[in-house]
There are 2 protein chains.
Amino acid sequence: MAQTRYRQIYNILKSRIQQGTYAIGDYLPSENELCKTYKITRTTARKALDELLKEGFIEKQHGKGSKVKERRQSLGLLTVKGFSEAVGENVRTIILQKPQILSWPKELPFPADENELNAPCIYFERLRCVGDVPVMTESNWFSAHGLNRFLDCEFVDGSFFKTLSRKYLIEVTGSEQELRALFADEKSAYLLKIEQGFPILRISIKFTTSKPDLNIYSYLYCNTEKYPIGNIYTH
Amino acid sequence: MAQTRYRQIYNILKSRIQQGTYAIGDYLPSENELCKTYKITRTTARKALDELLKEGFIEKQHGKGSKVKERRQSLGLLTVKGFSEAVGENVRTIILQKPQILSWPKELPFPADENELNAPCIYFERLRCVGDVPVMTESNWFSAHGLNRFLDCEFVDGSFFKTLSRKYLIEVTGSEQELRALFADEKSAYLLKIEQGFPILRISIKFTTSKPDLNIYSYLYCNTEKYPIGNIYTH
DNA sequence: TTTTCTTACTTGTACGTACAAGTTGAATTT
DNA sequence: AAATTCAACTTGTACGTACAAGTAAGAAAA
């Protein structure tokens, strides 16, 4: 078998969601219907749905079904909302360093998993601005394993995570974050156009993905004076 | 059944990890061993392990086993979970000011809803410590409307939100937060035992509740040097 | 008409079985 | 001694079955 059975079903459902065959708010076929359609058992159907659940494509309701959820692009600002969505329209992104192979740094935002360090490290760096005001620098590290020709191609819609999803079928499944208030160092001060020693917010992130040996490690240095970091939770 | 079987197994394993019976790097009993020990099937054992996996307590290795992972100590705050629940055991809370009626301040962390300001304002203030280290000051404002005899009674288990839930059947339904890195002012520096001008993290919060005219407005001033604010997000 | 009950769906939990596939170390062969 | 094979573990996938529990809508009773 080229692929596991549940992964096949998962892919079918996921692509239909992405293409809008199942729109937001719609219910997917019930588990028993999936069994009949694809000649599988409920165990397998549930496993496929569980993956979609983990990746935020659907929500399950006991006694009702699996409803297609609105999927918010995860760009890592504590909320599920992306940077552009959170801030508004006039967001500009400046690429400070295009994705390229580097050696792994001795210290990452979070300790890396064992396997990741075997493959080379891809690094890129961006500066986020609201209008003309720089508000955040972003540094990203991740393992190149399995990401063929990543350096050659442009980002889809300028979005790193969209690129992972569309080109490699990799989804962000979660993130671990850590917040610190720090004095701005020389580099951050220069990039954010503030005085050295000004208080800035550093967000350390480990994004986990649907690819077991791929996590994205990021540092965000934020000037929160004019644009604080926002966050909304609802149950 | 009071609880699901897999949840029971999950709880047993989790508490053993938290108590150090299974230390970091150790392998949990294999799935088949769990089956024998607890008279369950592998389906159930795997479900329990899956939960631990989702919550980051273990990592699974095909062909080897389930290894206890290092969980970083940080203050898991940005969720709706309370402080004590998020941090763990050696948390101390010092009441700086018991709940009492005050006039509404001219500026709250977030603009108040109209109706709230009609009733008097309850205010209280606490200092949170991990061991002997003060890590966070907490100021809270909310409308007294409908909270009879709130000032007279002690908090349930020392928890404000538990008190709301148990005594008034009010649940937190969501929160809006805003993060800023600031220079510590005189008061914060004094309470947190740091130098004035040291960078601290201020979290502004508006908790919404199941009672339509009750929101809780809070400022948290955090010394993130030793204990950064943590956050885990899973879809 | 309104309420209650039943029925037919849905997902959730738990049982049991079988084989595939990764890991490890000891036994066997080279 | 070194390389290979094998056996005994581990987790991963997939089959099948049964019943519990939540949901919704129509039938029956008030």
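These numbers come from a predicted model, not from an experiment. Lettering follows sequence order; numbering is per chain, from 1.
A/Thr43 comes within contact range of at least one nucleobase, with a heavy-atom separation under 4.0 Å. At a threshold of 4.0 angstrom between heavy atoms, the contacts of A/Lys67 with the nucleic acid are absent. Among the protein residues, A/Thr41 comes within range of the nucleic acid bases, having at least one heavy atom under 4.0 Å from a base atom.
In this entry the distance linking CD1 of B/Ile58 with P of D/dT10 reads 15 Å, nearest Å. One interatomic measurement links the two molecules: NE2 of A/His62 to C1' of D/dC19, which rounds to 12 Å at whole-angstrom precision. The CZ-P distance, from B/Arg7 to D/dA20, rounds to 22 Å in whole Å. A/Gln3 has its CD atom 16 Å from the C1' atom of C/dA20, to the nearest Å. Rounded to whole angstrom, the span from the CG atom of A/Leu28 across to the C1' atom of C/dT10 amounts to 13 Å. The interatomic distance linking A/Glu59 (CD) with C/dT10 (C1') rounds to 15 Å, in whole Å. We find that CG of A/Leu34 is positioned 16 Å from C1' of D/dA14, with the value rounded to whole Å. A/Arg5 places its CZ atom 17 Å from the C1' atom of C/dC19, with the value rounded to the nearest Å.
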| Please walk me through it: do B/Phe207 and B/Tyr217 pass ring pair (Phe, Tyr, Trp, His ring centres under 6.0 Å)? | CA-CA 6 Å; B/Phe207 289 106; B/Tyr217 301 92; 9.7 Å; no
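OP1 or OP2 of D/dT13 has at least one side-chain nitrogen or oxygen of A/Lys47 nearer than 4.0 Å. A close approach under 4.0 Å does not occur between any side-chain nitrogen or oxygen of B/Lys64 and OP1 or OP2 of C/dG22. Within the 4.0 Å cut-off from OP1 or OP2 of C/dT11, not a single side-chain nitrogen or oxygen of A/Arg42 is found. Considering only side-chain N and O atoms, B/Thr44 lies nowhere under 4.0 angstrom from the phosphate OP1 or OP2 of C/dT13. OP1 or OP2 of C/dG12 sits under 4.0 Å from a side-chain N or O of A/Lys60.
Ring pair A/Trp141/A/Tyr219 is perpendicular by interplanar angle, where above 60° counts as perpendicular and below 30° as parallel.
Judged purely by atom type and a 3.5 angstrom limit, B/Asn11 has no side-chain atom pairing as donor or acceptor with the backbone of B/Gln8.
Distance check: B/Ile58 CD1 to B/Ile17 CD1 gives 6.5 Å after rounding to the nearest 0.5 Å.
Ranked by how close their nearest DNA chain D nucleotide is to the 5' end, A/Ile40 and B/Ser66 are led by B/Ser66. Mapping A/Ala45 and A/Gly63 onto DNA chain D by nearest heavy atom places A/Ala45 at the nucleotide closer to the 5' end.
Relative to the side chain of A/Thr4, the nucleotides C/dC19, D/dA14, C/dA14 differ in distance, and D/dA14 lies closest. In this structure, the nucleotide among D/dG12, C/dT11, C/dT13 sitting nearest to the side chain of A/Glu31 is C/dT11.
Taking the six-membered ring for Trp and the full ring otherwise, the centers of A/Phe124 and A/Phe150 sit at least 6.0 Å from each other.
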